Amino acid sequence: MTKFDYSTKPWWQFAFEASLEAFKDAQMTPADIDAIVFSSISSAAGGEHQSHKVSFLSDLFKTNVPIIEVPSVCGGGGVAFWTALHLQGFKNILVLASEKYADNKSETTVDWILSAAEKTIEQPEGMLFPVQNALIWQQYMAKYKATMDDLSLVAFKNHTNATLNPKAYFYKKPIDLEKIKNSPIVASPFRLMDCSLSVNGGAAVILSQEESDIKVIGSGFATDYLMTFGRQDLTHFKATQLAAKQAFGQAGLTPNDINVAEVHDAFTSVELISYEDLGFADFGQGAELIRSGKINLGGSLPINPSGGLKAKGHPISATGLAQIYEITNQLKGRAEKERQTNPLPKYGLTHNIGGAGGSVTVHIFEKNN
């Protein structure tokens, strides 16, 4: 993956730089790739104005292989990976995502992000994603024993982790707990520090039929209604529960077997609720998990050792593949010393959400001895 930041490189340069690292890691070249699956939202909008991205990538990599574009907004990287896993007849597949959208005016960036939401009923009522998720969190707090202080602990954990990650936006930029708790209200009760960071960046993964020390042993994908108020339960994401059930079923594992995880934290509440949807905590017990310290670095189940979307940054489609990048490095023992999960993990999980729980992928990885 590239460093996540506000640099003004075009989307394809982020894609190319991430791919170069993946080729080097796999000891391959573009000539070894039999197919490409790509995800992005930004390249057809604004000054980029390029909708024929599959042909552009053909030119970029000097290849004539099949190239599939898979848009799924914030969940695009995970959906692209799921799609690549289900393609038949290809030995090596490059899965790729990149975005350059966060250097625009706020109005433009928000407009692009809101293309992932319902525009006829919800958006005219001001249903921006911070508002939508704040309403979900209000319902959760009314039903269960959780507080805004619990969300501050989620933000503080992820910011602490990001200070140790050279590719995170908040690398070497610590934020203390009191600053998090006292940050400005953006959508009551959400504060600024409850929201993830929009950035630019790219990430790439190579899936191969060749023997590797990292294997994908579980893959789940589920969707849910675009309008959140039409769902069965306003306090949890059914699509996460369904995708997790698929992935754990394929892997033959339970949540207790996972040693390290990257969990989608577009908002701090989403991470806490996802502890429960993924099975790491019982319903209503997510706050107890963050209070326990179990999911901090050095705990028995580190969650978001990369810094997560919250502090590493959230370049929309690239997020899901950046999660896989982190888990692969954790399983291989290649993370920076202060961030490396010890003892060396055997099983890792990634969880990527599109919209407000509208499309969700869960993947489980195993390190072979």
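For reference, positions follow the sequence shown, starting with 1. Not measured: the values here are computed from a predicted model. Heavy-atom basis, side chains included; hydrogens, waters and symmetry copies ignored.
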Chemist: Got a sec, which residues hit side-chain hydrogen bond (donor to acceptor under 3.5 Å, both in side chains) with D213, two or more places apart in sequence or on another chain?
Modeler: K332
Chemist: Would you give the length of the straight line joining atom CG of D194 to atom CG of N133, rounded to the nearest 0.5 angstrom?
Modeler: 10.5 Å
Chemist: According to ring pair (Phe, Tyr, Trp, His ring centres under 6.0 Å), who are the partners of Y6, at least two apart in sequence or on a separate chain?
Modeler: Y169
Chemist: Among pairs that include at least one residue of residues 294-312, which meet salt bridge (charged side-chain N to carboxylate O under 4.0 Å, His left out), considering only residues two or more places apart or in two chains?
Modeler: E262-K312
Chemist: Using the side-chain hydrogen bond (donor to acceptor under 3.5 Å, both in side chains) criterion, which residues pair with T83? Sequence neighbours excluded.
Modeler: none
Chemist: Could you list the residues that satisfy side-chain contact (heavy atoms from CB on, under 4.5 Å) with T120, not counting sequence neighbours?
Modeler: E118
Chemist: Going by salt bridge (Lys or Arg N to Asp or Glu O under 4.0 Å), name the residues that satisfy it together with E210, two or more places apart in sequence or in a different chain.
Modeler: K91
Chemist: For Y140, enumerate each residue passing the ring pair (Phe, Tyr, Trp, His ring centres under 6.0 Å) test, keeping only those at least two apart in sequence or located in another chain.
Modeler: W137, Y144, H236
Chemist: Between F38 and W11, how do the two ring planes meet: parallel, tilted or perpendicular, split at 30° and 60°?
Modeler: tilted
Chemist: Taking side-chain contact (heavy atoms from CB on, under 4.5 Å) as the test, write out the residues that go with S274, two or more places apart.
Modeler: V263, V270, L278, H351, I353
Chemist: Regarding D265 and K157, does a basic nitrogen lie under 4.0 Å from an acidic carboxylate oxygen?
Modeler: no
Chemist: Considering residues at least two apart in sequence or located in another chain, which fulfil the side-chain hydrogen bond (donor to acceptor under 3.5 Å, both in side chains) criterion with K167?
Modeler: E21, Y325
Chemist: Could you check E211 against N368 for side chain to side chain donor-acceptor pair (under 3.5 Å), going step by step and ending with a plain yes or no?
Modeler: CA-CA 10 Å; E211 279 298 313; N368 296 322; 5.3 Å; no
Chemist: Identify, with sequence neighbours excluded, every residue that meets ring pair (Phe, Tyr, Trp, His ring centres under 6.0 Å) alongside F267.
Modeler: F190
Chemist: What are the two closest heavy atoms between P305 and A261, and how far apart are they?
Modeler: CD-O, 3.6 Å
Chemist: Excluding sequence neighbours, so at least two apart, what forms ring pair (Phe, Tyr, Trp, His ring centres under 6.0 Å) with F237?
Modeler: none
Chemist: Who clusters with M227? Use side-chain heavy atoms, under 4.5 angstrom, across I, L, V, M, F, W and Y, and order the result by chain and number.
Modeler: I121, F229
Chemist: Hydrophobic clustering (ILVMFWY, side-chain heavy atoms < 4.5 Å, transitive) - are F156 and Y171 grouped together?
Modeler: no
Chemist: Do you know which two heavy atoms are closest between A318 and A97, and how far apart they sit?
Modeler: CA-CB, 3.7 Å
Chemist: Minimum heavy-atom separation for N352 to G320, with atom names?
Modeler: OD1-CA, 3.2 Å
Chemist: Is there a side chain to side chain donor-acceptor pair (under 3.5 Å) between S306 and N165? Walk through the geometry before answering.
Modeler: CA-CA 6 Å; S306 69; N165 181 2; 4.9 Å; no
